[in-house]
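Notes follow the structure.
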Amino acid sequence: MFKCVPEMLTLSLLVTFAACNAPPVPLDDIIIEKTFVPEQCVRPVKVGDFVRYHYIGMFPDGKTFDSSYDRGSTYNVFVGKKQLIEGMDKALVGMCVNQRSLVKIPPQLAYGKRGYGDIIPPDSILHFDVLLLDVWNPEDGVQINSYHKPSTCSRKVEVSDFVRYHYNGTLLDGTLFDSSHTRMRTYDTYVGIGWLIAGMDQGLLGMCVGERRIITMPPSLGYGENGDGSDIPGQASLVFDVVLLDLHNPRDGIAVTNQVVPESCTRKTVAGDFVRYHYNGSLLDGTFFDSSYSRNRTYDTYVGQGYVIPGMDEGLIGVCVGERRTITIPPHLAYGEEGTGSKIPGSAVLVFDIHIVDFHNPSDRTEVTITLKPDECEKQSKKGDFVKYHYNASLMDGSPVDSTHNYGKTYNIVLGANQVVPGMEDGLMDMCVGEKRHLVIPPHLAYGERGVLDEVPGSAVMVFDIELVDMEEGLPEGYMFIWKDEVTPDLFSEMDKDKNEQVEPSEFTDYIMQQVNDEKGRLAPGFDPYRIIDNMFSNQDRNGDGKITEAEFKLKADESVSHDEL
């Protein structure tokens, strides 16, 4: 654009027009024909504003004498400060960005009787096809329009916070110059410490995660007079459509919220405990990245010993079985600047909603609680006793596992014979018939790391409610058969029914069973009697020839080494 000052004429305007002497149509003032009006007009041009616009300058017959398009750059100027011909100064006032107008300017408001060199003859009426692209004022600051705010906002962006956000960057006329969405990764930076252009540093302050806002800034808070040398021209207003995804501060620790603690909590986790828990993991904007529920199994780990990310290690301390809590972990206590690739981006804050299913310590023993003690108790269970009991088995979260009541019969074992898990052996000791107990058994005394397929998860703490129904006293340790009366000195002869000076298996079995039936002897309860007798026979049959001679025959009292025999 040029005015009536010859020395401002550029070389690109040195064009000769044949129609310069055409008689002008008289005009008293400028005429503005609006050829396109945008639906919205945030701010019309005022005197003192700075504008950027394109134009084509023509004579009334349509011949062009100048064009900003030909120069590949907008015309940039203050309005109302006599930097333009008077008619253009008037015509620009009130225009909106993206408005297009045909402006007709009489000579007295253009170059008058002097004209402009060889380009614009004296007394020329000028037509300008004007497209306004930008408007700002030196007094402008950052303009913020929050068009979406989350329902809850526990924290807002402050100076020195680190943020992750997506944005679309446009000029004021809507021309896109950059977008984080096209790169498929957020823009990650500190706020308020000079890592961003000044307008963005200001525009991000006070934002909540999930908030969307339009941040508009004048060039003085953007890329100034020179632009960025590529997509952003000099003196351009910038518009950023921003959505905040993440927010933390390097000083942050973990945050524990939404705690639901069960009424009964006799114990809380400490460092060194082994914990089984379920979790849902998401980013701060709610984006889901992982869940133990989707795998249908808990996450099992030691806590306080570096087996999990530091924030989770800390967040799992001091929890109760059945507790639920939300643990928010800043990236320096999670996966840091690198993230984990496709699921967790770098510098991401993580949110875990956890549910503690159970925990134990490798030093734990079986926890026994007596829930019912009979008034009379003549004998208490001990190793070797044959006991009959009912049980209800469950996990720590109350999930049922098994119950003898489902089968309508007791569970029968010999204490100390390794017929049940060690924790149950412990829990059944020193019990009275009719007594009831509540047992909590850690996995190393129950079903271990492997559990029981489709019944008991690996590393699960077990809960048993037991009732001792009946008990038969066992034999002294090391014995599978004992005599109730004095042993006859003619024991071998009595066994040898056919008097062939050797005892065969059938003779041995018949004799022992007869002693049991006559209550002269007793077999260890809870075992197959014939298997016991077979073992006794084998121990007496020293040479393994299938029969016992008198020379082989010995009582247990005569043996130097214990055997399951006479």
Side-chain angles (χ1 to χ4, degrees), residues 1-20 30 32-36 38 45 49-93 95-105 107 109-111 114-121 124-136 169-178 218-220 222-239:
M1 179 59 60
F2 50 86
K3 51 180 278 189
C4 51
V5 181
E7 57 268 30
M8 291 188 64
L9 189 63
T10 62
L11 292 177
S12 63
L13 299 180
L14 299 178
V15 181
T16 304
F17 296 92
C20 288
I30 64 171
I32 299 175
E33 297 177 4
K34 296 179 180 180
T35 55
F36 178 80
V45 176
D49 283 344
F50 190 92
V51 296
R52 294 191 312 110
Y53 63 95
H54 270 304
Y55 71 90
I56 299 173
M58 302 168 291
F59 294 110
D61 64 359
K63 291 184 177 180
T64 301
F65 61 83
D66 190 19
S67 172
S68 63
Y69 297 100
D70 293 342
R71 293 192 297 277
S73 64
T74 55
Y75 196 80
N76 308 334
V77 67
F78 282 99
V79 175
K81 294 190 174 183
K82 299 184 178 181
Q83 296 178 358
L84 296 162
I85 56 175
E86 187 177 351
M88 185 60 74
D89 244 355
K90 292 179 63 176
L92 289 170
V93 173
M95 280 195 76
C96 301
V97 171
N98 287 325
Q99 180 178 330
R100 188 169 183 174
S101 298
L102 178 62
V103 182
K104 300 177 181 180
I105 304 176
L109 297 178
Y111 292 95
R114 294 178 60 186
Y116 194 87
D118 296 332
I119 298 175
I120 298 176
S124 294
I125 295 174
L126 304 181
H127 291 186
F128 289 93
D129 185 351
V130 178
L131 174 61
L132 186 66
L133 300 179
D134 199 349
V135 54
W136 54 270
T170 61
L171 304 180
L172 205 59
D173 67 341
T175 302
L176 181 71
F177 63 79
D178 192 18
S220 59
Y223 288 92
E225 296 182 5
N226 299 320
D228 70 346
S230 175
D231 299 311
I232 300 175
Q235 301 289 28
S237 300
L238 305 181
V239 181

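Taking every heavy atom of both residues into account, V103 and A91 meet most closely at CG1-CB, 3.4 Å. Here the shortest heavy-atom pairing between V77 and Q83 reads CG2-OE1, 3.0 Å. The shortest non-hydrogen separation linking I125 to P60 is O-CD, 3.1 Å. Residue M88 comes nearest to I105 through the heavy atom pair N-CD1, 3.6 Å, listed as atom of the first residue, atom of the second, then distance. Residues P38 and C96 approach most closely at CG-CB, 4.2 Å, considering heavy atoms. Closest heavy-atom contact between R52 and Q235: CD-O, 3.3 Å.
One distance of note links CG of D70 with NE2 of H54; it measures 10.5 Å at 0.5 Å rounding. Here the straight-line distance linking atom CZ of F36 with atom CG of N98 works out to 6.5 Å at 0.5 Å rounding. One distance of note links CD1 of I30 with CG of L109; it measures 7.5 Å at 0.5 Å rounding. R71 CZ to D66 CG: the interatomic distance, rounded to the nearest 0.5 Å, is 5.0 Å. Interatomic distance, OH of Y223 versus CG of L238, reported as 7.5 Å (0.5 Å rounding). With rounding to the nearest 0.5 Å, the separation of NE2 in H127 from CG in D61 is 9.5 Å.
A donor-acceptor pair is defined here as one N or O able to donate and one able to accept, closer than 3.5 Å; such a pair exists between the side chain of S67 and the backbone of Y69. Without hydrogens or angle criteria, S68 side chain to T74 main chain gives no donor-acceptor distance under 3.5 Å.
Between Y75 and Y55, the ring planes lie perpendicular to each other; the angle is over 60°, past the 30° to 60° tilted range.
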Legend entry - side-chain contact (heavy atoms from CB on, under 4.5 Å) between L102 and M58, intermediate numbers included: CA-CA 10 Å; L102 178 62; M58 302 168 291; 4.1 Å; yes
Inset, instruction - Show the numbers, then the answer: is there a side-chain contact (heavy atoms from CB on, under 4.5 Å) between F78 and D49? - result: CA-CA 6 Å; F78 282 99; D49 283 344; over 6 Å; no
Inset, instruction - Mind running side-chain contact (heavy atoms from CB on, under 4.5 Å) on L172 and L133 for me, showing each step along the way? - result: CA-CA 7 Å; L172 205 59; L133 300 179; over 6 Å; no
Legend entry - Full working for salt bridge (charged side-chain N to carboxylate O under 4.0 Å, His left out) between K82 and D89: CA-CA 7 Å; K82 299 184 178 181; D89 244 355; over 6 Å; no
Legend entry - Verdict with reasoning, M95 to I32, per side-chain contact (heavy atoms from CB on, under 4.5 Å): CA-CA 10 Å; M95 280 195 76; I32 299 175; over 6 Å; no
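Donor-acceptor pairing under 3.5 Å is lacking for the side chains of D228 and S230.
Considering V97, L132, L131 as possible partners of Y53, the one that fulfils the side chain to side chain contact (heavy atoms under 4.5 Å, CB included) test is L132. Of the candidates T170, D134, D173, D134 is the only one forming a side-chain hydrogen bond (donor to acceptor under 3.5 Å, both in side chains) with S237.
Considering only heavy atoms from C-beta on, S124 stays 4.5 Å or farther from Y116 through its side chain. For the pair P233/L171, a side-chain contact is recorded, criterion being any heavy-atom separation below 4.5 Å from C-beta on.
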